[in-house]
Structure formats: structure tokens, C-alpha cells
Amino acid sequence: MIRLKNIYKAYDDLVVLKDFNIDFEDEKITALLGPSGCGKTTLLNIIAGLEAYQSGTIEGLADKTFSYIFQEDRLLPWATVEGNIRFVLETRYDEETIRTILNKYIEMVGLEDYRTYYPNQLSGGMKQRVAIARAFAYPSDILLMDEAFKGLDMELKIGLIQSFLALWKKDRRRVIMVTHDINEAMDIAHDIYILGGRPLEIKEKRAGKNK
């Protein structure tokens, strides 16, 4: 269980979080749903340790490692599809294990025929699939996703969500995802927190289709 208790976060006079409390259960996908600009990404970055907060406590993150799928793909432009995934594996595994992991995740996201392509040779959806494969390939305890499927056409988005869920069912790590798309949250998550206001607050908690 990850537990945030009485978190306070402000940028000068702008208070984003005040006495904010939320729990994230193990082996579940939790969606943070709310309008753009309400503080969802700030909350995700606080969990990841990318942003500091002024007061409160976070429990359950000791010795935990993270994978993060950002809104933009953040691929290495000088590396191929295979090279981008290999990059997060080289300091952890021997070559034989790396090859096995590469083959597994490239196949799962349907990019077997593109493994030697560079990011500038890929469509937006392909690049995002590489980002998803890379995040899953890295042996993290927690996967964070910030609008990972934003801006994609519906057919491609459905395919990517199916690829993502197929990966998660084999992995079952804790996932915390930010979105403003209720249908996306319902299709993917076990638990959905509907957020809003300033400072940010939980308006409602509901079950997704994976409940």
C-alpha cells in the first residue's frame, strides 16, 4: 500500500495540494481522473520523487523503483526501437537475458518489424508503444503513466490499451495513471479517483471495469 497523508504542495501563493490524502493498493491499476491543470501531474511527480512537497508524509515507497510513461515519448533519438529498450536493461542483466526481454516486449507491442527503426522513422503511436514496452521492460515496482494515450486516434488508442493490458496481466505491478478521459479510466483501471478543485481534492472514488 502506498499512502499519502496530509500532503501540502504550493508554488509561491498557488496552493495545489492541502491536507491531501490518498491510498494506492498493491497489484492494481489506479486512475487519477480530472480536468487539465487541476494538479494530477504534480501529484504523480510527487509520488515519483520528481517534485518536493512542503509537508505531510508518504508511506510505502521505501526502496521502491519506478518506471514513468510521460505525456511525450522521451525516446532517445539516436537509438533504435531495440536500443531504446536496451538502454534501461544494460546495467541490470547479462546479454542473453537482455535479448530475451527485448524479444518479449517488442513482440507484445507489435513492433517486431520495426526493431531497427529510429524514432524519426516511427509514427506517434509506434513511438508511444516503444515507451510502453520500455517502461514494462525495466524491472520497476511501480509504473506511473501521465496521459500515456493522449492525442491518439481512437483505433490506435484501443490497440495500445489492449497491448498495455496484455502486458499488465503478465506483470501485475502497481500502476498509477493520470488521465482526463473517463472511458480510458473505466477500460483500464481497477480504482478511479475523480479529482478536482484547487487545492486538489477527491470528489469521488469509483470502480473501473477491472474491479
Side-chain angles (χ1 to χ4, degrees), residues 28-37 40-45 47-48 50 65-90 98 101-190 192 208-210:
K28 282 192 173 183
I29 302 171
T30 303
L32 304 176
L33 177 71
S36 297
K40 304 185 302 299
T41 296
T42 298
L43 179 58
L44 208 64
N45 287 338
I47 294 168
L50 299 177
T65 57
F66 294 90
S67 295
Y68 204 138
I69 304 175
F70 296 90
Q71 291 188 32
E72 64 280 3
D73 58 73
R74 298 201 181 189
L75 299 183
L76 303 174
W78 60 86
T80 62
V81 167
E82 184 174 297
N84 267 280
I85 302 171
R86 174 183 286 275
F87 180 77
V88 301
L89 304 174
E90 288 183 330
I98 288 173
I101 294 171
L102 283 171
N103 291 335
K104 172 184 175 181
Y105 288 104
I106 288 174
E107 180 181 354
M108 281 187 177
V109 295
L111 291 174
E112 303 98 308
D113 295 335
Y114 300 91
R115 60 194 309 146
T116 62
Y117 282 48
Y118 290 87
N120 66 357
Q121 297 174 298
L122 303 174
S123 69
M126 288 178 177
K127 287 189 282 189
Q128 199 65 358
R129 276 187 274 172
V130 178
I132 290 171
R134 183 176 60 183
F136 267 90
Y138 181 72
S140 64
D141 302 301
I142 301 163
L143 173 59
L144 305 177
M145 302 169 57
D146 188 6
E147 302 278 12
F149 308 108
K150 182 180 179 180
L152 302 175
D153 66 73
M154 187 56 64
E155 183 177 357
L156 180 57
K157 184 175 182 177
I158 291 170
L160 278 175
I161 288 173
Q162 290 173 343
S163 295
F164 166 76
L165 290 174
L167 290 173
W168 183 84
K169 287 175 182 177
K170 295 177 180 293
D171 187 287
R172 302 190 73 84
R173 79 185 75 179
R174 184 188 289 118
V175 177
I176 304 172
M177 60 176 288
V178 158
T179 182
H180 63 268
D181 185 330
I182 181 62
N183 293 320
E184 180 180 304
M186 288 296 296
D187 287 341
I188 297 174
H190 299 88
I192 302 169
K209 294 180 181 178
N210 277 340

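Residue numbers start at 1 and run along the sequence shown. In this text the structure is predicted, and so the values were computed from the model without any measurement.
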Kindly indicate whether the side chain of [X], heavy atoms from C-beta on, has any atom under 4.5 Å from the side chain of [Y].
| X | Y | value |
| --- | --- | --- |
| Val130 | Asp73 | no |
| Met145 | Leu44 | no |
| Thr65 | Ile142 | no |
| Phe164 | Ile29 | yes |
| Met177 | Glu147 | no |
| Tyr138 | Arg134 | no |
| Phe66 | Asp141 | no |
| Ile69 | Ile132 | yes |

Do side-chain atoms of Glu184 reach the backbone of Asp181 as a donor and acceptor pair under 3.5 angstrom?
no
Are the side chain of Glu82 and the backbone of Leu102 linked by a donor-acceptor contact shorter than 3.5 Å?
no
Could you check whether [Y] and [X], counting side-chain N and O atoms only, form a donor-acceptor pair closer than 3.5 Å?
| X | Y | answer |
| --- | --- | --- |
| Ser140 | Ser67 | yes |
| Thr80 | Arg115 | no |
| Asn45 | Tyr68 | yes |

Do you know which two heavy atoms are closest between [X] and [Y], and how far apart they sit?
| X | Y | answer |
| --- | --- | --- |
| Ala135 | Leu143 | CB-CD1, 3.7 Å |
| Leu122 | Val81 | CD1-CG2, 3.6 Å |
| Arg173 | Phe136 | NH2-O, 2.7 Å |
| Asn84 | Ala79 | ND2-O, 3.1 Å |
| Met126 | Leu111 | O-CD1, 3.8 Å |

Using a cut-off of 6.0 Å, state whether more than 12 heavy atoms not belonging to Glu155 lie near its atom CD.
no
[atom2] on [Y] to [atom1] on [X], rounded to 0.5 Å:
| X | Y | atom1 | atom2 | result |
| --- | --- | --- | --- | --- |
| Thr30 | Ile176 | OG1 | CD1 | 6.5 Å |
| Lys127 | Arg74 | NZ | CZ | 14.0 Å |
| Thr179 | Ile188 | OG1 | CD1 | 7.5 Å |
| Ser123 | Tyr117 | OG | OH | 11.5 Å |
| Ile85 | Ile98 | CD1 | CD1 | 12.0 Å |
| Ile106 | Ile101 | CD1 | CD1 | 11.5 Å |

Ionic contact status for Asp146 with Lys40, cut-off 4.0 Å:
no
Audit row: Lys28, Arg172, side-chain contact (heavy atoms from CB on, under 4.5 Å) steps and yes/no:
CA-CA 7 Å; Lys28 282 192 173 183; Arg172 302 190 73 84; over 6 Å; no
Show your reasoning for whether side-chain contact (heavy atoms from CB on, under 4.5 Å) applies to Trp78 and Tyr118.
CA-CA 7 Å; Trp78 60 86; Tyr118 290 87; 5.6 Å; no
